[in-house]
Trainee: 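What follows is a single structure, and I will ask about it in a moment.
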Amino acid sequence: MKEEEERNRWRWWEEEKYEKGVKWKFLQHNGPYFPPEYQPLPNNVNFYYNGKKVKLSLAAEEVALFFAQMLAHEYTTKKVFRQNFMKDWRKEMTVEERSLIKDLDKCDFGKIHAMHNDKVEARKQMSKEDKQVLKDANEKLVTEFGYCLLDHHKERIGNFKIEPPGLFRGRGEHPKQGMLKKRIQPEDVTINCSADSRVPVPPAGHHWKEVRHDNAVTWLASWSENIQGLTKYIMLNANSKLKGEKDWEKYEVARKLKSRVDDIRNGYLRDLKSKQMGSRQRAVALYFIDKLALRAGNEKEEGETADTVGCCSLRVEHITLHEQLDGNECVVEFDFLGKDSIRYYNKVPVIKKVFKNLKMFLENKQPGDELFDRLSTTVLNKHLSSLMPGLTAKVFRTYNASITLQQQLKELTNMSDNMSEKLLSYNRANRAVAILCNHQRSPPKTFEQSMANLQVKIDARKEQLALAKTELTQAKKEAKAKGKSDSKLQT
DNA sequence: GCATTTACTTAGTAAATCGATG
DNA sequence: CATCGATTTACTAAGTAAATGC
């Protein structure tokens with residue numbers, strides 16, 4: 001498989017470009033792979049309501065299993081999650097079930113949860129051979145559904161599987177967490193391929209929602225998701241021509257910004273004292289986006305998503321101004337939830353003009369009011385693209401991340417370094433970028449245990465050390481005593 | 001030398017950006 | 001101007017390989 005992919009790699013960047021907007025001329029694939037149908041619980045695994053065994057209908061049982069599987073997860077203790085789950089679960093119930101099952105606290109999924117745990121455990125304990133069987137089956141799926149033909153080159157599809165049904169897990173305080181993500185049928189799926197290709201065959205007894213031939217887009221299939229009504233897509237993976245070319249272009253724009261950034265910075269520094277309030281807000285926002293690598297911050301519909309913000313959507317409550325802090329002047333303290341509800345906390349000294357403007361923007365506003373009330377991402381990006389074609393707010397993040405990596409690599413590495421030293425520098429350089437971009441991951445659940453293990457080791461070593469020390473002093477004493485006696489002997 | 005732990009990789013999918021559309 | 005479609009970005013969890021412990 002690996003060698004085949006190697007052989008199939010071609011220098012796509014040397015190929016001629018299509019006319020604007022055309023993404024491909026030929027596209028053929030086998031459609032998405034659908035998750036297997038629900039398998040009912042065995043008869044000896046039961047759900048209990050109010051202490052009494054209740055045999056659930058197939059639809060209700062499937063959703064109950066979704067919840068039972070997550071029982072160990074913190075999600076299932078959250079009020080919003082439980083409410084949303086209950087509401088959607090009840091929709092799947094029969095009339096009788098619905099009249100009986102009204103209180104989640106009276107539901108006992110213990111047996112179902114135990115069965116699930118056993119399954120997970122059994123999977124872990126599987127023999128090498130059985131694991132290989134599973135692996136082979138998966139490989140077969142990849143061979144069948146994992147590739148497409150795009151302009152006569154075989155390309156790997158990034159996500160060829162239809163997302164299975166389950167309970168929606170938003171990130172942060174998502175108002176829709178726990179809602180039922182419904183099973184997708186072929187009838188929900190739109191296929192995109194070229195007119196002269198072999199159209200994928202839907203699963204037996206089913207038909208596609210639509211088959212279209214739109215070569216202005218890169219997706220192979222799409223469907224609408226029931227939680228937020230967004231469209232989901234089947235697309236190529238990151239090392240395909242389509243994605244790679246786009247990525248290349250992205251960095252080209254960032255490189256272009258490198259050559260123009262001095263002018264652009266002077267521009268927004270000038271705008272800090274503009275007569276127009278809108279221009280001043282734009283200038284301060286740009287200052288943040290450039291200096292702190294903040295995201296643009298589109299406005300979001302309230303109640304549909306977690307309450308997160310970016311630069312343009314910052315509210316008064318998200319910043320605190322300090323004339324003086326830790327020996328610095330004009331410090332802005334940021335504290336807000338960004339993308340994925342990741343907290344951004346930073347205390348940044350800013351130039352006087354920015355500080356003054358901020359004070360002005362805050363005048364007569366409530367904590368919940370927008371900091372930049374005369375600014376939107378649309379306005380900001382319009383302005384940026386007038387300064388340089390292709391320039392948008394996110395380009396600053398790409399540019400600043402890239403230039404930071406470049407600078408750090410230069411600073412940290414020496415020509416004479418060996419491989420592991422270079423790797424260390426590379427990792428350190430990347431860490432600097434991660435700090436700039438506020439990239440972080442939550443510690444894994446095993447973290448605490450690992451730390452405890454380490455502490456045990458540390459303690460053991462300390463004990464060893466202490467023991468060795470006493471032994472050392474003891475040995476010294478003895479040596480001294482012996483030396484004295486030796487010297488005595490000598491004379 | 002096998003079992004357990006840790007580190008790294010990949011899959012899965014949610015959540016952003018941003019231009020187009022009505 | 002609000003909504004939507006397409007695409008990128010980014011997290012988490014699962015899976016796998018490497019390292020370490022017994």
Side-chain angles (χ1 to χ4, degrees), chain A residues 21 23 35 70 73-75 120 123-126 128 131-132 134-135 138 141-142 146 156-164 166 168-172 174 176-177 181 190 192 214 216-220 222 224-225 227-239 242-243 245-247 249-251 289 293-301 304-313 337-342 376-382 384-385 390-398 401 423 427 434 437-447 449-454 456-457 460:
Chain A
K23 306 290 169 61
M70 290 180 74
H73 205 288
E74 201 206 334
Y75 271 115
V120 170
R123 211 187 154 85
K124 273 191 216 155
Q125 300 302 322
M126 262 192 316
K128 231 180 176 172
K131 278 187 181 167
Q132 191 58 43
L134 238 56
K135 218 177 159 183
N138 189 53
L141 272 188
V142 175
R156 185 78 145 80
I157 300 169
N159 58 326
F160 60 88
K161 289 176 178 172
I162 294 282
E163 292 176 18
F168 175 77
R169 309 148 80 123
R171 298 205 248 269
H174 197 116
K176 300 199 168 186
Q177 63 187 104
K181 190 165 104 173
T190 298
N192 192 34
D214 182 358
V217 295
T218 67
W219 52 269
L220 319 189
S222 71
S224 172
E225 153 273 333
I227 305 287
Q228 329 210 48
L230 301 171
T231 318
K232 299 267 188 165
Y233 301 93
I234 301 283
M235 286 185 186
L236 297 187
N237 83 346
N239 48 31
L242 274 176
K243 296 281 185 184
E245 212 161 38
K246 207 66 195 303
D247 218 35
E249 281 168 18
K250 174 184 79 183
Y251 287 109
I289 285 170
L294 299 191
R295 296 187 182 82
N298 284 301
E299 48 275 53
K300 319 203 296 176
E301 214 182 326
E304 290 293 301
T305 60
D307 179 20
T308 63
V309 296
C311 186
C312 293
S313 49
L337 297 181
K339 183 179 179 178
D340 298 309
S341 294
I342 300 290
S376 70
T377 53
T378 311
V379 168
L380 179 66
N381 282 333
K382 281 248 172 69
L384 288 175
S385 70
L391 187 63
T392 63
K394 79 196 262 287
V395 179
F396 282 90
R397 243 171 106 82
T398 309
L423 189 63
N427 285 332
C437 292
N438 200 229
H439 285 154
Q440 40 191 290
R441 60 180 171 164
S442 62
K445 281 190 265 302
T446 52
F447 179 77
Q449 187 54 51
S450 316
M451 283 316 263
N453 290 348
L454 284 177
V456 168
K457 277 189 206 169

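Below, read A as the first sequence line, B as the second, and so on, with proteins coming before strands; counting in each chain starts at 1.
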Trainee: Taking atom NZ of A:Lys382 as the centre, does the number of heavy atoms from other residues, nucleotides or ligands within less than 6.0 Å exceed 12?
Mentor: no

Trainee: Does A:Met235 or A:Asn438 map to a spot on DNA chain C nearer the 5' end, using the closest nucleotide for each?
Mentor: A:Met235

Trainee: Phosphate oxygens OP1/OP2 of C:dT9: is one of them under 4.0 Å from a side-chain N or O of A:Lys250?
Mentor: yes

Trainee: Is the backbone N or O of A:Met235 less than 3.5 Å from a side-chain atom of A:Asn159, with the two atoms forming a donor-acceptor pair by type?
Mentor: yes

Trainee: Below 4.0 angstrom from OP1 or OP2 of C:dG15, is there any side-chain N or O of A:Arg123?
Mentor: yes

Trainee: When you compare the side chain of A:Ile234 with that of A:Ile157, does any pair of heavy atoms fall below 4.5 Å?
Mentor: yes

Trainee: Counting only side-chain heavy atoms from C-beta out, which of B:dT13, C:dG5, C:dT7 sits nearest to A:Thr231?
Mentor: C:dG5

Trainee: Does A:Lys23 have a side-chain nitrogen or oxygen under 4.0 Å from the phosphate oxygens OP1 or OP2 of C:dT7?
Mentor: yes

Trainee: Have a look at A:Pro35 and say if it touches a base, only the backbone sugar-phosphate, or nothing, with a 4.0 Å heavy-atom cut-off.
Mentor: nothing

Trainee: Short question: side chain of A:Glu225, backbone of A:Ile227 - any donor-acceptor pair under 3.5 Å?
Mentor: yes

Trainee: Are OP1 or OP2 of B:dG12 and a side-chain N or O of A:Lys232 less than 4.0 angstrom apart?
Mentor: no

Trainee: Parallel under 30°, tilted from 30 to 60°, perpendicular over 60°: which one fits the rings of A:Phe168 and A:His174?
Mentor: perpendicular

Trainee: For A:Glu225 and C:dC4, what is the distance between atoms CD and P respectively, to the nearest whole Å?
Mentor: 13 Å

Trainee: Looking across every strand, which nucleic acid part, if any, lies under 4.0 Å from A:Lys181 by heavy atom: base, sugar-phosphate, or nothing?
Mentor: sugar-phosphate

Trainee: So, is A:Gln228 near the phosphate of B:dA15, with a side-chain N or O under 4.0 Å from OP1 or OP2?
Mentor: yes

Trainee: Which whole-number value in Å describes the distance from A:Asn138 CG to B:dT9 P?
Mentor: 20 Å

Trainee: Rounded to whole Å, how long is the line connecting atom CD1 of A:Ile342 with atom P of C:dT9?
Mentor: 17 Å

Trainee: Both A:Trp219 and A:Cys437 contact DNA chain C. Which one's nearest nucleotide lies toward the 5' end?
Mentor: A:Trp219

Trainee: To the nearest Å, how far apart are A:Lys124 NZ and C:dA13 C1'?
Mentor: 12 Å

Trainee: Can you measure A:Arg171 atom CZ to B:dA15 atom P for me and round it to whole angstrom units?
Mentor: 6 Å

Trainee: Can A:Thr308 and A:Lys300 be counted as having a side-chain donor-acceptor contact under 3.5 angstrom?
Mentor: yes

Trainee: Counting heavy atoms from C-beta on, name the nucleotide in C:dA17, C:dC11, C:dT7 closest to the side chain of A:Tyr233.
Mentor: C:dT7

Trainee: Using a cut-off of less than 4.0 Å, is there contact between a side-chain N or O of A:His174 and OP1 or OP2 of B:dA15?
Mentor: yes

Trainee: From CG of A:Asn237 over to C1' of B:dA11, roughly how many Å is that when rounded to an integer?
Mentor: 12 Å

Trainee: Could you state the atom-to-atom distance from CG of A:Asn159 to P of C:dT12 in whole Å?
Mentor: 20 Å

Trainee: Just by protein heavy atoms under 4.0 Å, how would nucleotides 16-22 of chain B read 5' to 3' in B, S and -?
Mentor: SBBS---

Trainee: If only side-chain N and O atoms of A:His73 are considered, is one of them under 4.0 Å from the OP1 or OP2 phosphate oxygen of C:dA13?
Mentor: yes

Trainee: For A:Gln440, which contact category applies under a 4.0 Å heavy-atom criterion: base, sugar-phosphate, or nothing?
Mentor: sugar-phosphate

Trainee: What is the distance, to the nearest angstrom, from the CD atom on A:Gln177 to the P atom on C:dT12?
Mentor: 15 Å

Trainee: If we only count heavy atoms from C-beta on, is the A:Ile342 to A:Arg171 side-chain gap below 4.5 Å?
Mentor: no

Trainee: Using the side-chain contact (heavy atoms from CB on, under 4.5 Å) definition, which of the options A:Glu299, A:Arg295, A:Lys394 pairs with A:Thr377?
Mentor: A:Glu299

Trainee: From the options C:dA6, B:dG12, B:dA14, select the nucleotide whose nearest atom is closest to the side chain of A:Phe168.
Mentor: B:dA14

